Colleague: 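For reference, the structure I am asking about is given below.
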There are 2 protein chains.
Amino acid sequence: MNDQSPVMELVHVLRAVTVEFDLLGAEFAARHGLHPTDVRALIHLLDAARQDIPATPGWLGRQMRLNSAGTTALVDRLERLELVRRTKDTVDRRRVLLEVEEKATELGWSFFGPVIAEVVAVAEGFDTGELETVRSFLTAVLHSTQQARAT
Amino acid sequence: MNDQSPVMELVHVLRAVTVEFDLLGAEFAARHGLHPTDVRALIHLLDAARQDIPATPGWLGRQMRLNSAGTTALVDRLERLELVRRTKDTVDRRRVLLEVEEKATELGWSFFGPVIAEVVAVAEGFDTGELETVRSFLTAVLHSTQQARAT
DNA sequence: GCGTAATATCTCGCTCACCGAGATTATCGC
DNA sequence: GCGATAATCTCGGTGAGCGAGATATTACGC
């Protein structure tokens with residue numbers, strides 16, 4: 001397993017991309033006067049909205065690995081920034097549903113927009129089959145990592 | 001640019017991988033009684049050592065987007081944990097060099113070991129050309145993102 | 001060379017994100 | 001109904017990271 005093997009290079013570049021995306025999020029956060037955590041939360045919330053998964057403080061806290069106190073504080077911040085709205089669940093009235101405001105989706109797009117544009121630009125240089133290879137490789141890494149973490 | 005386009009799926013899976021790696025780092029940190037920031041710093045320091053880049057507090061702070069006060073506190077923590085050692089640069093005596101201890105490399109391997117094993121396992125299902133495609137795609141995304149961030 | 005600007009690091013005081021413990025309110029099984 | 005369980009929030013405390021500024025060393029203009 002030397003440093004020059006193709007697989008090791010993949011590991012390095014994957015890690016580098018992760019670091020880079022983190023920094024991107026941190027700088028976006030700083031530029032908009034919020035915290036990296038808020039951006040991460042926003043991503044989870046928009047993702048949930050996109051997939052019609054009901055978002056609650058408890059769910060968000062689990063995604064973020066925050067305890068309930070930290071989660072409450074996080075939701076308080078997001079609500080104060082008018083990015084989400086707390087509404088009571090009419091079915092189970094212990095629960096609070098988090099609804100993302102218009103402002104949040106706008107912010108989300110202003111974050112992802114440039115990233116998407118870059119990936120699109122890069123993708124120009126690859127044909128459909130190659131892109132499919134990349135996608136399936138990353139999906140496999142994702143699933144294998146998720147599974148390893150669950151252990 | 002609808003949600004089902006191959007490129008959009010790539011963006012989503014890339015983001016998911018990033019989130020997953022973050023959580024991995026956070027859980028590794030928690031398990032070893034350190035903070036996610038410390039793990040990130042460790043990654044940068046090991047990376048620097050691997051590439052023979054001299055690591056100083058200033059350099060580390062720039063990598064992490066921390067100000068000098070935060071950087072000093074970070075290095076203090078790492079030194080207290082015996083992961084790095086401060087040594088004065090004999091050439092430029094304003095500078096402090098950060099040397100990673102044995103303990104740090106061990107910790108680094110215990111973090112990356114499982115990740116590498118997973119990527120290796122996933123890579124089994126792909127031939128050399130495909131892996132090269134993935135590598136060059138990710139490298140392109142990395143460079144384009146780095147450049148966009150520098151702007 | 002000599003004063004001044006620039007650079008690297010550190011100190012101090014402070015804010016606030018997050019944690020642990022526990023309170024509160026709502027639901028469910030019996 | 002009643003205890004057990006679940007979802008959320010409150011309170012107090014810890015510490016990571018910031019802004020401002022101090023200190024020490026080096027580079028530059030004259």
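Because the structure is predicted, anything quoted here is derived from the model rather than measured. Chain letters run A, B, ... following the sequence lines, proteins first and then strands; every chain starts at 1.
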Colleague: With the side chain counted from C-beta on, respond yes when B/W59 and B/P54 share a heavy-atom pair under 4.5 Å apart, and no when they do not.
Modeller: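 In short, these two side chains do not touch, never coming nearer than 4.5 Å.
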
Colleague: Side chain of A/L66, heavy atoms from C-beta onward: which of D/dT26, C/dC19, D/dT8 has the nearest atom to it?
Modeller: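 It is C/dC19.
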
Colleague: A/D76 CG to C/dC18 P: how many Å, rounded?
Modeller: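 The distance from CG of A/D76 to P of C/dC18 comes to 12 Å, rounded to the nearest Å.
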
Colleague: Show your working on side-chain hydrogen bond (donor to acceptor under 3.5 Å, both in side chains) between B/T145 and A/E118 and close with a plain yes or no.
Modeller: CA-CA 7 Å; B/T145 309; A/E118 281 160 32; 3.2 Å; yes

Colleague: Can you tell which of D/dC9, C/dC12, D/dT10 lies closest to the side chain of A/V96?
Modeller: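 Of the options given, the side chain of A/V96 lies nearest D/dC9.
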
Colleague: Rounded to whole angstrom units, what separation is found between the CG atom of A/L78 and the P atom of D/dC9?
Modeller: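 These atoms are roughly 12 Å apart.
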
Colleague: For the pair made of CG in B/D92 and P in D/dC28, what is the distance, rounded to whole Å?
Modeller: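 Rounding to the nearest Å, CG of B/D92 and P of D/dC28 are 12 Å apart.
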
Colleague: Provide, to the nearest angstrom, the distance between the CG atom belonging to B/D89 and the P atom belonging to D/dA24.
Modeller: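 In whole Å, D/dA24 P lies 19 Å from B/D89 CG.
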
Colleague: Let me know the distance between NZ of A/K88 and P of C/dT27, rounded to the nearest Å.
Modeller: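 Result: 11 Å.
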
Colleague: With heavy atoms under 4.0 Å as the rule, sort B/V75 into base, sugar-phosphate or nothing.
Modeller: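 No contact.
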
Colleague: Between B/S68 and C/dA8, does any side-chain N or O lie under 4.0 Å from OP1 or OP2?
Modeller: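 Looking at the OP1 and OP2 atoms of C/dA8, neither is under 4.0 Å from any side-chain N or O of B/S68.
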
Colleague: For B/L60 and C/dT9, what is the distance between atoms CG and P respectively, to the nearest whole Å?
Modeller: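 Computing the B/L60:CG to C/dT9:P distance gives 10 Å.
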
Colleague: Toward the 5' end of DNA chain C, which comes first, A/A73 or A/T90, by nearest nucleotide?
Modeller: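 Here A/A73 is the residue nearer the 5' end.
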
Colleague: Quick check: is B/V84 connected to B/L81 through a chain of hydrophobic side chains (ILVMFWY, heavy atoms under 4.5 Å apart)?
Modeller: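 Yes, one cluster joins them.
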
Colleague: Please check the phosphate of D/dC9 (OP1 and OP2 only) for any side-chain N or O of A/R86 closer than 4.0 Å.
Modeller: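 For D/dC9, OP1 or OP2 has a side-chain N or O of A/R86 closer than 4.0 Å.
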
Colleague: Answer with base, sugar-phosphate or nothing: what part of the nucleic acid does B/R65 contact at a heavy-atom distance below 4.0 Å?
Modeller: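 Here B/R65 touches the backbone only, sparing every base.
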
Colleague: Within the pair B/R77 and D/dG17, is there a side-chain N or O less than 4.0 Å away from OP1 or OP2?
Modeller: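 Answer is yes, contact under 4.0 Å.
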
Colleague: Among the nucleotides C/dA17, D/dA7, D/dA16, which one has an atom lying closest to any side-chain atom of A/H35?
Modeller: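 Nearest to the side chain of A/H35 among the choices is C/dA17.
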
Colleague: Side chains of A/T139 and B/E9, heavy atoms from C-beta outward: is any pair under 4.5 Å?
Modeller: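 The answer is no, as the side chains (C-beta and beyond) never meet within the 4.5 Å cut-off.
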
Colleague: Restricting to non-hydrogen atoms, name the atom on A/F137 and the atom on B/F126 that form the minimum distance, rounded to 0.1 Å.
Modeller: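 That would be CA-CZ, 3.5 Å.
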
Colleague: Within the pair B/N67 and D/dG17, is there a side-chain N or O less than 4.0 Å away from OP1 or OP2?
Modeller: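 Indeed not, no polar side-chain atom of B/N67 lies that close.
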
Colleague: Reckon A/T71 has a side-chain N or O less than 4.0 Å from the OP1 or OP2 of D/dT8?
Modeller: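 No, outside the criterion.
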
Colleague: For a quick test of reading the model: is some side-chain N or O of B/R94 closer than 4.0 Å to OP1 or OP2 of D/dA27?
Modeller: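 No, because none of the side-chain N or O atoms of B/R94 sits under 4.0 Å from OP1 or OP2 of D/dA27.
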
Colleague: Return the nearest nucleotide to the side chain of B/T37; candidates are D/dA16, C/dC18, C/dA8.
Modeller: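 From the listed options, D/dA16 comes nearest.
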
Colleague: Any salt bridge linking A/R85 with A/E79? Criterion: basic side-chain nitrogen under 4.0 Å from a carboxylate oxygen.
Modeller: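 Between A/E79 and A/R85 there is no salt bridge, as every charged N stays at least 4.0 Å from the carboxylate O atoms.
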
Colleague: Please state how far atom CG in A/L34 lies from atom C1' in C/dA17, giving the value in whole angstrom units.
Modeller: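 Interatomic distance, CG of A/L34 to C1' of C/dA17: 14 Å.
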
Colleague: Rounding to a whole Å, what distance do you find between B/L74:CG and C/dT9:C1'?
Modeller: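 Whole-Å distance recorded here is 14 Å.
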
